[in-house]
Protein chains: 2
Amino acid sequence: MGQNHKRVTIYDVAKKAGVTAATVSRVINGKTNVAHETKERVLKAIEELNYYPSPLAAGLHSHQSNQIGILVPFFFGEFFYKVLSHISQVIPFPYELVLYDAATPEIKSRTIQKIFGEKKLNGLIVISLPLLKEEAFLAMQSELPLVLLDNVHPSFPSVYFDNVMGMFHATQHLTKMGHKRIALINGAHEDPFHLAVAKNRHEGYRLALDMAKIPFDPDLVFVNDWSRQGARFLTHKILKMKNRPTAIMATSDLQAVGVLEACQEAGVAVPDEISVVGYDDMDFADFFGLTTVQQSFQTIARIALDMLVQAMNHPGSKPEQVALIPTVVVRKTTKALE
Amino acid sequence: MGQNHKRVTIYDVAKKAGVTAATVSRVINGKTNVAHETKERVLKAIEELNYYPSPLAAGLHSHQSNQIGILVPFFFGEFFYKVLSHISQVIPFPYELVLYDAATPEIKSRTIQKIFGEKKLNGLIVISLPLLKEEAFLAMQSELPLVLLDNVHPSFPSVYFDNVMGMFHATQHLTKMGHKRIALINGAHEDPFHLAVAKNRHEGYRLALDMAKIPFDPDLVFVNDWSRQGARFLTHKILKMKNRPTAIMATSDLQAVGVLEACQEAGVAVPDEISVVGYDDMDFADFFGLTTVQQSFQTIARIALDMLVQAMNHPGSKPEQVALIPTVVVRKTTKALE
DNA sequence: ATGAAAGCGCTAACAC
DNA sequence: GTGTTAGCGCTTTCAT
């Protein structure tokens, strides 16, 4: 049971192959200046001894762990899950993924300090989280490549879903169908991390209204948390309004489902009596026939990694900003006004 | 822009504090044999230099990276997301989480070989994946502590949700309400990883039938993939049966939703004309009023980490097996037979 | 309580 | 093409 098998090192391989450690190292790292026949011998020895180079020892030299960090606020549910899952699918060999959970802004800051203090990662992807000034400063001092995903900062490569445009298109889908009284159910503007989602989506909504020359009516804007229950509650209020809106634009699918739920409870037919639009196109949106806003997680993951690799290979290259414009998926909860 | 600030090492701290590296090391690692006053000076120097010990260098000595690995088949959707999220909440200081994606059985094997070859992790949690004989052998040779989550192996600490019992209780909920013709919609028995879920859930179903002295009818068992669409398709067939079942037991909520969908399409009222039970209690189950089987992710994560810490601190202690018995959440898709 | 020195496993000049 | 040698930054006996 678990005998203390002594660790096999590069020297064991060297001895077995009748060469020195340097040569073994050359083989491992694919250097070209090794005789073909020697290389074969070394490879055979590696195989036979089942040798795995110590990443710790190799890393001590290069100051690199061959790991890419992912900093993320864990509560993001399906959104986060999808991003992470796609990242893990496109992460280039031989990098490993280290997960850092920014449960609170304090933990986030401490984690960032540690990451840039230790400098062992080959790269870092920060998801959804904005960088505070000090944090950005730290990152800029460092050689550790950083890219932002679902967020922007002028000093770092960033890919993000354009929330303003996404919401603009979604709302415009409604205005183009003749809707003029469009209620907005938004998530909280204030959150511990100071995310810009709520603000941006609000802005997109306003933009579409302006474009359609519909005066903005503050009484049509409702804010709550991002929950289904919150939206359900608000919808009941909306449905009771004297001059009831003909459409409800929600800032997330979860909320949109709450809206649907309330409509059903109140006996208001969707889309015949009221149109409903969500945001996110989560797995269940299709089931509900929900018209919503779709974002490509695969694309954002791929671009983030491309940017990171670019930054790792060409340090100092100037940071690109890429906005991904979400598209509207029209399903069955929206209908043109007669 | 990113000047090459030279890395601050333990020697810099030592010099600044007027001691040697050994003393600084003692302070960092909380050894007691350091004069209080010296310790203060060292701490101050660390602070002022903003020193972070190199985990790579420290690790070269201990052969440890202070990281815990998580090996997981990424496609598990909400299930996986919840487990991971809870694990990240209970992971003890100062460990980091390294994510290994076992996209295919081959990648899984290779990853396991690498992990046990490199031996740098302090521990490994394998989620949902069964261990092949060679893999288990590798792990047993090694000192690297391993725990299985959502799976069992006699040689390793394991925590898992008891699928047999979960399904047993769910089915029994139905039999107790007088249902005798209960269709089973199961996921595929065969999958690349040879998971035991489908088999176990089938067994639980059988067990409840036996217990209620209901003869097993193979014509009532339907198998497809785990998808909503698959279940929807099967349900349409079920609803057309001459002697239609009075209840459908699905092996996942996703499938249960497909069942609900088909019932609605066919104009069959749930639960009045047919009862439906799901499995998983996903976020949306509540919305659908779905009667289903609930599992505590928080508990499974906590226990897995406890076991891992135990194994790390007391190598050689004998592996425990913990089965978590899921409970049935009764909502509105099930009803007693008149 | 603190310092000196060896060594963890690998890499990279620099020789030959 | 291959060997020699000197670190990388930290920990840990062993002295004192």
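Just so it is clear: chains get the letters A, B, ... in the order the sequence lines come, proteins before strands, and each one is counted from 1.
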Looking only at side-chain N and O atoms, does Ser54(A) come under 4.0 Å of OP1 or OP2 in dG9(C)?
no

Which is more 5' along DNA chain C, the nucleotide nearest Asn33(B) or the one nearest His63(B)? Just name the residue.
Asn33(B)

Is the NZ atom of Lys114(B) crowded by more than 12 outside heavy atoms at less than 6.0 Å?
yes

Please confirm whether the shortest side-chain N or O distance from Tyr51(B) to OP1 or OP2 of dC10(D) is below 4.0 Å.
yes

Checking all strands, does Val24(B) fall into the base, sugar-phosphate, or nothing category for heavy-atom contacts under 4.0 angstrom?
nothing

Need one value for Thr38(A): base, sugar-phosphate or nothing, where a base atom within 4.0 Å counts as base even if backbone is also close, heavy atoms only.
sugar-phosphate

Quick one: label Thr9(B) by what it contacts on the DNA or RNA (base, sugar-phosphate, nothing), any heavy atom closer than 4.0 Å.
sugar-phosphate

Where the side chain of Ser65(B) meets the backbone of Lys120(B), is there a donor-acceptor pair that is under 3.5 Å apart?
yes

Gln310(B) and Glu320(B): side-chain donor and acceptor closer than 3.5 Å?
no

Hey, does the side chain of Thr23(B) come within less than 4.0 Å of dG3(C)'s phosphate (OP1/OP2), counting only N and O?
yes

Using a heavy-atom cut-off of 4.0 Å across all strands, would you classify Ala58(A) as base, sugar-phosphate, or nothing?
sugar-phosphate

Could you check whether Phe116(A) and Tyr52(B) have their ring centres less than 6.0 Å apart?
no

Lys119(B) NZ to dC10(C) P: how many Å, rounded?
12 Å

